[in-house]
Amino acid sequence: MPRALRAVTLAALLAVGIGVGPEVISAQPRLGGTLTVADPVGPPVLDPHKDGSYQSSGMVLTMIYEGLLSRGDKGELQPQLAESWKVITPTLYEFKIRRGVTFHNGREMDAADVKYSFERELDPKTGSPFRAVWSAIDTIEAPDRWTVRVHLKQPNAPLLNYFAGPYGHQIVAKEAVEKQGDLNQAAVGTGPFKLVEYVPDSHLKLEKHKSYWKKGQPYLDGINVRIIKDESARLSAVRAGAVDVTYVTAVNAPAVKQDRNLVLLEGDNVFYGMTLAQFIPNDSKAPFSDKRVRQAMSLAIDRKEIVESVIFGSGVVSGPVPPGMGAVAVAPAYKVDLERARQLLREAGHPNGFTATVKASPQYPLDVADCQMIKSHLKRIGIELDIQLVEWGQFLKEWLGGNYDTICLTSGPLADPDAFIYDYFHSKSPRNRAKFLTGELDDIVTQARGATDATKRRELLMEAQKRVLDLTPVIYLYSANGFEVHRTHVKGYRPSRLSRYGLAETWLEK
Amino acid sequence: MLRFVVRRLIVLVPIVLGVSVLSFLLLYLIPGDVVDILMGTESGDPARLAEMRKLFGLDQPVLVRYATWLGDLLHGDLGRSFVTRRPVTAEILTAFPVTLQLTVAALVVALMVGVPLGLLAAVKRGSLGSAALGGLVLVGLSVPNFWLGILLILFASLYLHWFPPQGLLLVWQQPLEAVKQLAFPSLALGLALAAMVMRMTRTCVLEVLAQDYVRTARAKGLAERGVIGHHALRNALIPVVTLVGLQFGYLLGGAIVIEEIFSLPGMGRLVLRSIAQRDYPLLQGILLVGGTTIVLLNLWVDICYGLLDPRLRR
């Protein structure tokens, strides 16, 4: 077809399209069809109670399993398998369980399943990575078929948020676990889709859960998940139409914007938009045990430049809690002040700076890029950083074992700000990742965890963040935007901050 | 001949045992274990980690672990994957055919491209075309296969609006889909070997063409086609077959990278996944199967030599 003719035809088609617009692009979801999603990795573990990575729980498992609560667009708690919930006392929560919810095996879910699921996670034999979170629970009782009461050992303000995920909050069917030994061979949940087939490294097949409790949903007949590790291959697949939904990083966002067949969703409300890139010194080790050294480093690092060059401006400079977590996040006013930084180093006894190593894992290229930027920034005040790239498994070992000078790391998405505050900085917390063991923050983070009044809690969290920013146990960099890509015929795709898979209300236009 | 094969098979046992010991020790030396990986960044509690290690049997000394594993192996049990909890044998049996068909397809590409072009280069020696083919060989040998793979994907999606089908497709189950899936990966994997085959074919054909019996064939008035096809090529192909046999192991190695780029669920991806997750039983099984395959391939090549050259059968 000659180019001119093609243009005319296209224009005509567009005109017709516009003419019948309201009918064609109706808000009425179309039923049926199979959606193809491309993910870089498949779930390492299918059992929702056994995997600590977002690759399972933040991704496809959210379509198979559900928790008692979920999150709304603004991050607010919403009922899910619990119809309602009540905080009776600061140590007693009551959940009213939804009726008419069935597992994929056809059995109705009730309070006994909820009790079983949490008790399973608390059992050391299960080997759940989330036992630490749920260990705040003293006992769980099911006084009748539709009520669950959770007794806490002591007041724990963040715990309610954990019931909405993204990790270890899923309700499972007891008989499925007993039949198979665990849920790695078969997946039986209450979610909108059920698992048909999983070939690791290749694909997953999900089909509609016909008796899903939200009437009329899901709209799709099924989902195919293809595991395509290479980002350029993923982008190629969505461009060629072999895949309907995938995600990219900032590097490829411009290419997506240019393609008229693709829609780019970008922002901090898109999955992965609630993460936090950090430069973490080993606070229990000289010279980083000196507050002035850490402050000097923070003053020498130009975060705006890092945001511009590493993530091409698609993110925001962040404090101890990522801005995606809403009103509790303090927005710090960082400034670069090399003179003051040098002076602090002099006062700390390092007039000529020092040399140290920084570790990062090549599995996360953005962390490596952060290292390179920081190296160049710290050089200006005489600190020589030697970048060491370490394979992820080894990285975890060395980091958790305290065998490092400094590291670059991105964490999240996490369920509650508490995970960024108490877990990071209480001197007795096993997840104190910067080895900040002086106990200077113990009081305030403990108060914040125990404050069940929302206003009071917010105040305490804000105060804790201010103290953290002053003590600088961790040097915060930025919170990057997430980028989701889908083809134009995909409608109602709603990824959230905690999961990429918002597919219950997704439908295909053709 | 039989004695030769039996002798080689007996030597196989200590070699495979050696492979297993070595791989077990290597795994022991990699820092980090499956518990670190499963717990991810959200844990650091030593008591919890120790508890989890006990669940996986990682609290046992390495010698005890090896002995247990070897004992199970003698009963034909490779154990279960730490992470997926599927039997290791099942994981390998799913992945192995994928890698096998990829390498065989790459081999076919190498022969179908290499032999005719090599022959052409030899027959048209000294021509511009031959020089161009020489240049092509150099390019074929120099281009890294992963880069070629990525370029092929980009080219197909941008210009042909096509993306190879994904998933577990086997030639003997879904021939058409499998061929579509394998077209690009086998090209990317086989091209370097094609260049080698081409060069080898060219050299050997030239060598044979200079032989007396070729001159005799020409002298008795045989058509050039008959001379090349019947006398020259057939004899020239023997070293090519050897080369291909020896390079099969190289193709298996290259398959790791190619499978990663084209998302083929074969042994290569399995090996990378098991290393990344420190899935010891799975990795042990893969190394054992992989090592045995290579040893058996070498045995096969040796047997072929024995068949071709009776002097080696002693």
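A note on names: the letters A, B, ... follow the listed sequences, proteins ahead of strands, and every chain is numbered from 1. Just so it is clear, the structure is predicted and the values come from calculations on it, not from any experiment. Note that these values count all heavy atoms, side chains included, but never hydrogens, waters or copies made by symmetry.
Interface summary for chain A: among B:F163, B:F56, B:W162, the most heavy-atom pairs under 4.5 angstrom belong to B:F163. Listed options B:R269, B:H161, B:Q277 were ranked by heavy-atom pairs under 4.5 angstrom with chain A; first place goes to B:R269. No other option in A:S236, A:G393, A:A132 has as many heavy-atom pairs under 4.5 Å with chain B as A:S236. In terms of heavy-atom pairs under 4.5 Å with chain B, the best-connected choice from A:A237, A:G127, A:A242 is A:A237.
Heavy atoms closer than 4.5 Å to chain B are found nowhere in A:N432, neither backbone nor side chain. With a 4.5 Å cut-off on non-hydrogen atoms, A:T126 touches chain B through its backbone but not through its side chain. Contact of A:S128 with chain B is made through the backbone alone, with heavy-atom distances under 4.5 Å. Both the backbone and the side chain of B:L270 come within less than 4.5 Å of a heavy atom of chain A. Within the 4.5 angstrom heavy-atom criterion, no atom of A:E398 approaches chain B. With a threshold of 4.5 angstrom between heavy atoms, B:L55 approaches chain A through side-chain atoms but not through N, CA, C or O.
Separating the NZ atom in A:K397 from the CZ atom in B:R278 is a distance of 9.5 Å, to the nearest 0.5 Å. The distance from the CG atom of B:L168 to the NE2 atom of A:H203 is 6.5 Å, given to the nearest 0.5 Å. Residue A:R239 holds its CZ atom at 8.0 Å from CG of B:L154, rounded to the nearest 0.5 Å.
In this structure, the side chain to side chain contact (heavy atoms under 4.5 Å, CB included) partners of B:R80, at least two apart in sequence or on a different chain, are A:Q185, B:P87.
In this structure, B:S263 contributes its side chain and A:I227 its backbone to a donor-acceptor pair below 3.5 Å.
The shortest distance between side-chain heavy atoms of A:R131 and B:E51 falls below 4.5 Å.
A side-chain contact (heavy atoms from CB on, under 4.5 Å) with A:D201 is found for one member of B:E91, B:R273, B:E259, B:E260 and no other, namely B:R273.
Residue B:L63 qualifies as open at atom CG: its count of foreign heavy atoms under 6.0 Å is 12 or below. Heavy-atom contacts from other residues, nucleotides or ligands closer than 6.0 Å to NZ of A:K435 number more than 12.
In terms of heavy-atom proximity, B:I261 sits nearest to A:A233 at O-CB, 4.1 Å. Counting all heavy atoms, side chain and backbone alike, A:N184 lies closest to B:T84 at CB-O, 3.3 Å.
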